[in-house]
Amino acid sequence: MKQTYDFNPNLPSLALGGGGTFGMGAEAGYMDEFKERGANFKDAQIIGTSAGSWVGGFVATEKTFDEITSKVNKVKVPNWKPGYLKEISREIFNDERAANVSAMAVRIPSRGDRGGMEMLNGGEHDLANIVAASSSVPGLFFPARVDGKLYFDGGVRSMGSANLAPKSHKLLAIAALGGTLGEHIRMPIGPLRRVIGPGLERWFQYEIEQWQRQHGGEAVFIRPNRAINELVQHPMDCFSVEVGKRAYELARLHAAELIDRREDVARLIEEVRSFRSF
């Protein structure tokens, strides 16, 4: 069994939000472009929710999005087959573990157990288990079982749980979903879409501010640009592998632009370049 227990405390922490296959593609695109520029976050402390937990696993195990989509070319939604997401995650992560990755999931109440939001660590559980637990969207997938307990998507409670990110001098937070649920997506709730997306993003920003107050660190917040957001025109587009692939391509381009145009991003990338893995 491959286990990664070490992390570099000098690296910025990562908080990665949800967004289905679309979110995976977008967030993996940013991270892969940063890595291509010499900023490797594989030893960073990472907290991921839903899609973000998958990307955290990709970063820690140095898997590329192209490698992932070569193994998984379609996600069937809805799918109530027990263990469906775990089959996919096991195909990708096998029995790998990474103690620097934590995934947020909601534990379903059972006898004598009130349930609630829980942080599952990749050093204590296989990555395949925790990412399945973090991304089992209620109504779309059967809850995932970890150590005899059932869990569903942590994104139901928080888009990114950035306030729970590990202590560091700096936090990189990426939210793929907020803007997408704002202006562009066609939803049966009509004008409420303009409230839901910005509301999720504002809550994520509030969590980032909580993290800053608690740890005194600097936060770098990245959200997709309009071109990436417009890829999602319907909620089911979030689970399209093809949409994810396109989001990945556009996010890499956007990441390059951010390095050139935003001082905080450029400083972050230069700082991570200067660190060396153990």
Side-chain angles (χ1 to χ4, degrees), residues 4-19 23-65 98-105 119-123 127 130-131 134-135 154-155 158-178 204-205 207-212 214-215 217-224 248 251-252 254-255 258-259 262 264-275 277-278:
T4 305
Y5 288 109
D6 291 328
F7 63 88
N8 189 332
N10 296 313
L11 284 169
S13 295
L14 293 182
L16 303 171
M24 288 185 210
E27 292 173 5
Y30 289 114
M31 299 310 301
D32 280 0
E33 184 62 29
F34 293 158
K35 181 180 177 181
E36 183 74 17
R37 301 299 185 99
N40 192 337
F41 286 81
K42 76 179 183 68
D43 294 323
Q45 298 179 86
I46 305 168
I47 185 169
T49 301
S50 196
S53 67
W54 293 75
V55 179
F58 301 162
V59 172
T61 59
E62 298 196 275
K63 290 177 171 55
T64 66
F65 193 67
N100 58 319
V101 178
S102 293
M104 300 305 300
M119 184 184 296
L120 300 170
N121 183 260
L127 285 170
I130 68 172
V131 302
S134 184
S135 51
S158 169
M159 188 165 69
S161 295
N163 58 312
L164 300 178
K167 181 178 180 179
S168 177
H169 69 292
K170 191 169 289 187
L171 172 70
L172 171 59
I174 306 178
L177 202 56
F204 193 48
Q205 288 176 312
E207 291 177 340
I208 293 170
E209 291 167 4
Q210 282 187 309
W211 180 89
Q212 289 178 294
Q214 182 179 357
H215 301 301
E218 177 188 351
V220 177
F221 182 31
I222 291 176
R223 60 174 68 81
Y248 175 84
R252 291 202 63 159
H254 188 218
L258 290 175
I259 294 171
R262 276 180 52 176
D264 59 341
V265 176
R267 286 198 308 269
L268 174 74
I269 299 309
E270 186 57 38
E271 181 180 330
V272 176
R273 280 192 191 124
S274 68
F275 294 120
S277 300
F278 291 118

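Residue numbers count from 1 along this sequence. From a predicted model like this one, the values you see are computed outputs, not experimental measurements.
You'll find the side chain of Leu127 reaches within 4.5 Å of the side chain of Thr61, heavy atoms only. Between His169 and Glu218 the shortest side-chain heavy-atom distance does not fall below 4.5 Å. The closest side-chain heavy-atom distance from Pro12 to Val272 is below 4.5 Å. Side-chain contact between Arg37 and Ile259: present, with at least one pair of heavy atoms (C-beta onward) separated by less than 4.5 Å.
Between Ser168 and Ser13, the shortest heavy-atom distance links the atoms CB-OG, 3.3 Å. In plain terms, the two heavy atoms of Gly217 and Gln212 that are nearest each other are O-CG, 3.5 Å. Residue Phe204 comes nearest to Ala162 through the heavy atom pair CE1-CB, 3.6 Å, listed as atom of the first residue, atom of the second, then distance. Between Gln214 and Asn163 the shortest heavy-atom distance is OE1-O, 3.9 Å. Here the shortest heavy-atom pairing between Leu177 and Gly19 reads CD1-CA, 3.9 Å. Nearest approach of Ala51 to Gly23, heavy atoms of both residues: CB-C, 4.2 Å.
Ion pairing of Arg267 with Glu270 is absent here, as no side-chain N (NZ or NE/NH1/NH2) approaches a carboxylate O to less than 4.0 Å.
For the atom pair Ile269 CD1 and Glu36 CD, the distance stands at 12.5 Å (nearest 0.5 Å). Once rounded to the nearest 0.5 Å, the distance linking CD1 of Ile47 with CH2 of Trp211 reads 12.0 Å. In this structure, CD1 in Ile130 is found 6.5 Å from CG in Asn121, a value given to the nearest 0.5 Å. Atom OH of Tyr30 and atom CG of Leu16 lie 12.0 Å apart (nearest 0.5 Å). Distance CG/Leu11 to CD/Gln45: 9.0 Å, rounded to 0.5 Å. Considering CE of Met31 and NZ of Lys42, their distance stands at 13.0 Å, rounded to 0.5 Å.
Asn40 and Glu62 share a donor-acceptor pair across their side chains, judged by distance under 3.5 Å alone.
Between the side chain of Glu27 and the main chain of Val55, no donor-acceptor pair closer than 3.5 Å is present. Distance alone, capped at 3.5 Å, places no donor-acceptor pair between the Ser53 side chain and the Thr49 backbone. Ser135 contributes no side-chain N or O that, together with a main-chain N or O of Ser50, makes up a donor-acceptor pair within less than 3.5 Å.
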**Prompt:** Would Leu171 and Val220 count as a side-chain contact (heavy atoms from CB on, under 4.5 Å) if you check the C-alpha gap in whole Å, the side-chain angles of each, and the deciding distance to 0.1 Å?
**Reply:** CA-CA 6 Å; Leu171 172 70; Val220 177; over 6 Å; no

Requested in this report: With side-chain contact (heavy atoms from CB on, under 4.5 Å) as the test, would you mind laying out the steps for Phe41 and Lys35 before giving the verdict?
Outcome: CA-CA 7 Å; Phe41 286 81; Lys35 181 180 177 181; over 6 Å; no

Q: List the steps, then state whether side-chain contact (heavy atoms from CB on, under 4.5 Å) holds for Tyr248 with Asp32.
A: CA-CA 9 Å; Tyr248 175 84; Asp32 280 0; 2.8 Å; yes

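Residues satisfying the salt bridge (charged side-chain N to carboxylate O under 4.0 Å, His left out) test with Arg262, not counting sequence neighbours, are Asp264.
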